[in-house]
Amino acid sequence: MVNGIPTQDPETKPASADPEINQGRLAFLKAAGSLAAVVALGGLLEACENAGLVTPQAAPTFTGPTPTSPIGSDGHPPTPTATVTPLPVPTPTPTATATATATSTPTPTATPLLRSERARIAHLLRRAGFGASEEELNQYEAMGLAGTVDYLLDYEHVDDSALEAKLQSLNFDLTKTGDLQRWWLLRMVYSKRPVREKMTLFWHGLLTSGVSRVSRAEYMWKQNQLFRQQALGSFPVLLKAVSRDPAMLIWLDSQSNKKSAPNENFARELMELFSMGVGNYTEQDVRESARAFTGWSLGSTGFTFNAAQHDDGVKQFLGQSGPFTGDDIIDIIVRQPAAADYICGKLFRFFAYDPPEPTILATLHTTFVDNGYSTKAVMRALLTSEAFFAPNAYRSRIKSPAEFVVGTLRTLSITTDGNTLPNLLARMGQTLFDPPSVAGWPGGPAWINSVTLLERVNFANLVATNRKNFDPRGMITKGNPTPKEVLDYFINHLLDGNIAPSESAVMNTYSDDVARIATPDAAARAIAYLVLGSPDFQLA
């Protein structure tokens, strides 16, 4: 092994058969590994360290076998499928909900980095989904930018039956965390409704629960399905459903919230992390809110309301008075201006950049309120805004491990049964269904350090050297492409053709060198590895 790259290709002749070819291949692999380390690992890490975003860490020593591929099955027989009770549709307290105003989707002005509509669509698909294969990108380009936004957001009419059939064929046992993680990752990779899965990921990181405390994977599945069903729905409806969700009832101790001893955990996080943020409520509001949620509990079939344990007295909450229930508390919260600012800010930071300008936040705030607290209305305004396509939105977010791994597989059309994906993500710092705290994953620069970045580069190597499901030269329509043409293809497909002149010079010099010393297939794989491990590909 040289920098994680096998020094002998199993498909080539043994060294004794053709020593000249193998010596050349060895030299090439050494160059590939060294250059990739300089451009990908060193370049990104140094940039982060210079910006004060990363604390250098020692490279890890991993025990146990290293996966040979992110794709393919482990060969074990499938686990019998458990019967899981279908997720009940929450019945929220009736509230007046305005109908979203139908408007035509505007076309934003191009920025220097997003000169072509194809580049703008690719940016949209990375942020609103997990990227797109060349075939998908061609289809979206034919729709145009405005048509693509409509297609992504109005996904109810998009047929996703092929995904459901694929998942059913794998016989997942959704009472097991590993199977549940694979089930969701495959949804991200193969769904024709990418916005729904991206929104599910957003809600999972905001309205958090973790299987390490909940202990029952099927409860996490139910919560995940809730986020999927309410992905672009009404925010108060989602909050009311989450307050009844079995995983959340356990995660924040709501099941022990009784009239005689109110538990404040859910009441506090509901305001601090889920809806308004610190500074917009008092400790008295926390105590009064906790009283309103007393009697909410978990039975053998899910949420139950124990009237005998509910405090039906008058509460003083956020300046209002009454015998409020938990649903009343949520209605009052959502009507606060701070709630609109909070959720619109969270959405903008996740999908665009941080921080949003006050004028942008004000526009999204108005959209949210005028459309009955509709997440879909905010997302349409966000994804069609000038700010979403502005220079400071482009390649400005470090991809989460889920975005990086899923995006790589999806963009390169690599088939997978998801068997090794959960462990890959965990080593990069993200264990789905088990965030590190009630605040979720910190994200941003926290995703990158010398340990997790090494895992990303190793994953790029696994993809590039996998001959079963990845043929870099075969992706190019022109027959027998040169290394330079391979490089141009991957820079265009993976990086929108945008790359710093210094990196472009290094990569072009490298493609010229490998053309002289490597086989066409080996050269193409090394070039693909170089681009996949580049700093720019770590950014969405």
Side-chain angles (χ1 to χ4, degrees), residues 4 6 64-79 81 125-126 129-137 160-174 176-194 196-198 200-201 221 224 228 399-433 455-472 474-475 490 493-494 524-525 528-529 531-533 537-538 540:
T66 300
T68 57
S69 171
I71 38 199
S73 173
D74 59 1
H76 293 169
T79 305
T81 302
L125 294 170
R126 281 192 299 274
F130 299 90
S133 66
E134 185 174 29
E135 180 182 0
E136 289 175 320
L137 193 52
D160 220 8
S161 58
L163 167 66
E164 302 302 336
K166 180 179 182 66
L167 294 175
Q168 186 174 7
S169 71
L170 291 171
N171 295 319
F172 287 128
D173 181 351
L174 299 180
K176 295 181 178 179
T177 302
D179 276 12
L180 181 60
Q181 291 167 330
R182 288 175 62 194
W183 174 85
W184 189 15
L185 285 163
L186 290 179
R187 298 192 75 92
M188 297 182 201
V189 174
Y190 290 109
S191 178
K192 295 184 183 298
R193 301 176 177 185
R196 185 173 66 166
E197 297 308 318
K198 195 62 168 284
T200 302
L201 184 62
W221 173 80
N224 190 261
R228 188 168 291 105
K399 294 175 183 176
S400 68
E403 290 172 317
F404 177 65
V405 171
V406 171
T408 299
L409 300 179
R410 187 159 186 146
T411 303
L412 298 179
S413 300
I414 294 177
T415 58
T416 177
D417 65 3
N419 184 56
T420 63
L421 300 187
N423 286 336
L424 283 168
L425 263 67
R427 292 200 300 274
M428 293 178 193
Q430 186 173 35
T431 302
L432 293 180
F433 296 104
E455 285 298 327
R456 290 178 180 235
V457 176
N458 285 342
F459 172 72
N461 178 58
L462 290 173
V463 170
T465 58
N466 186 283
R467 285 173 167 75
K468 180 180 179 182
N469 291 300
F470 179 57
D471 178 10
M475 296 180 69
F490 282 106
H493 183 47
L494 301 181
R525 292 181 185 281
Y529 168 45
V531 179
L532 289 169
F537 192 68
Q538 312 304 311

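Excluded from the calculations below are hydrogen atoms, water molecules and symmetry mates; all remaining heavy atoms, backbone and side chain alike, are included. All residue numbers in this chain count up from 1 along the given sequence.
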Q) With a 4.5 Å heavy-atom cut-off, do L425 and L185 have their side chains touching? A) yes
Q) Looking only at atom types and distance, does a side-chain atom of R525 sit under 3.5 Å from a main-chain N or O of F470, one as donor and one as acceptor? A) yes
**Q.** Contacts of type ring-ring contact (aromatic ring centres under 6.0 Å, His included), residue F404, not counting sequence neighbours
**A.** F459, F537
Q: Answer yes or no: is there a side-chain heavy-atom contact under 4.5 Å between R410 and P194?
A: yes
Q: Identify the two heavy atoms, one from N466 and one from N469, that lie closest to each other, and give their separation to 0.1 Å.
A: OD1-N, 2.9 Å
Q) To the nearest 0.5 Å, what is the distance between CG (L167) and CG (N171)? A) 11.0 Å
Q.
Run the side chain to side chain donor-acceptor pair (under 3.5 Å) test against K399 and tell me which residues pass, sequence neighbours left out.
A. none
(Q) If you compare all heavy atoms of L412 against all heavy atoms of H493, which two are closest, and at what distance to 0.1 Å? (A) CD2-CD2, 4.5 Å
Q. Can you name the side chain to side chain donor-acceptor pair (under 3.5 Å) partners of S169, sequence neighbours left out?
A. none
(Q) Just so I know, are the side chains of L170 and L186 near enough to count as touching, which here means a heavy-atom distance under 4.5 Å? (A) yes
Q.
Holding to side-chain contact (heavy atoms from CB on, under 4.5 Å), I want the full list of residues that pass it with A132, two or more places apart in sequence or in another chain.
A. L125, E136
Q: Decide yes or no for M188 and L409: does some side-chain heavy atom of the first lie under 4.5 Å from some side-chain heavy atom of the second?
A: no
Q) In chain order, what residues pass the side chain to side chain donor-acceptor pair (under 3.5 Å) check against T408, with sequence neighbours excluded? A) none
**Q.** Approximate separation, where rounding is to 0.5 Å, of W184 CH2 and T200 OG1
**A.** 6.5 Å
Q) Do the side chain of Q538 and the main chain of L532 share a donor and acceptor less than 3.5 angstrom apart? A) yes
Q) With D160, which residues qualify under salt bridge (Lys or Arg N to Asp or Glu O under 4.0 Å), at least two apart? A) R196
Q.
Restricting to non-hydrogen atoms, name the atom on Q181 and the atom on P422 that form the minimum distance, rounded to 0.1 Å.
A. OE1-CB, 3.3 Å
Q) Which residue, N458, N423, V405, forms the side chain to side chain contact (heavy atoms under 4.5 Å, CB included) with M428? A) V405
Q) Around atom NZ of K192, are there more than 12 heavy atoms of other residues, nucleotides or ligands at under 6.0 Å? A) no
**Q.** With E164 via salt bridge (Lys or Arg N to Asp or Glu O under 4.0 Å) - residues at least two apart
**A.** R187
Q) Closest heavy-atom contact between F130 and A402? A) CD2-O, 4.4 Å
Q: Provide the closest heavy-atom pair for K166 versus Y190 in the form atom of the first, atom of the second, distance.
A: CE-CE1, 3.2 Å
Q.
Could you work out, with salt bridge (Lys or Arg N to Asp or Glu O under 4.0 Å) as the rule, every residue matching R228, not counting sequence neighbours?
A. E197
Q: Hey, could you give me the CZ/CG distance between F433 and L180, rounded to the nearest 0.5 Å?
A: 3.5 Å
Q.
For a quick test of reading the model, state the closest non-hydrogen atom pair linking G533 to A460 and the distance between them.
A. N-CB, 4.0 Å
Q.
Are V463 and Y529 packed together at the side-chain level, in the sense that at least one heavy-atom pair is separated by less than 4.5 angstrom?
A. no
(Q) Could you check whether R126 pairs with E403 (Lys NZ or Arg NE/NH1/NH2 to Asp/Glu carboxylate O, under 4.0 Å)? (A) no
Q) Is the shortest heavy-atom distance from the side chain of L201 to the side chain of L432 under 4.5 Å? A) yes
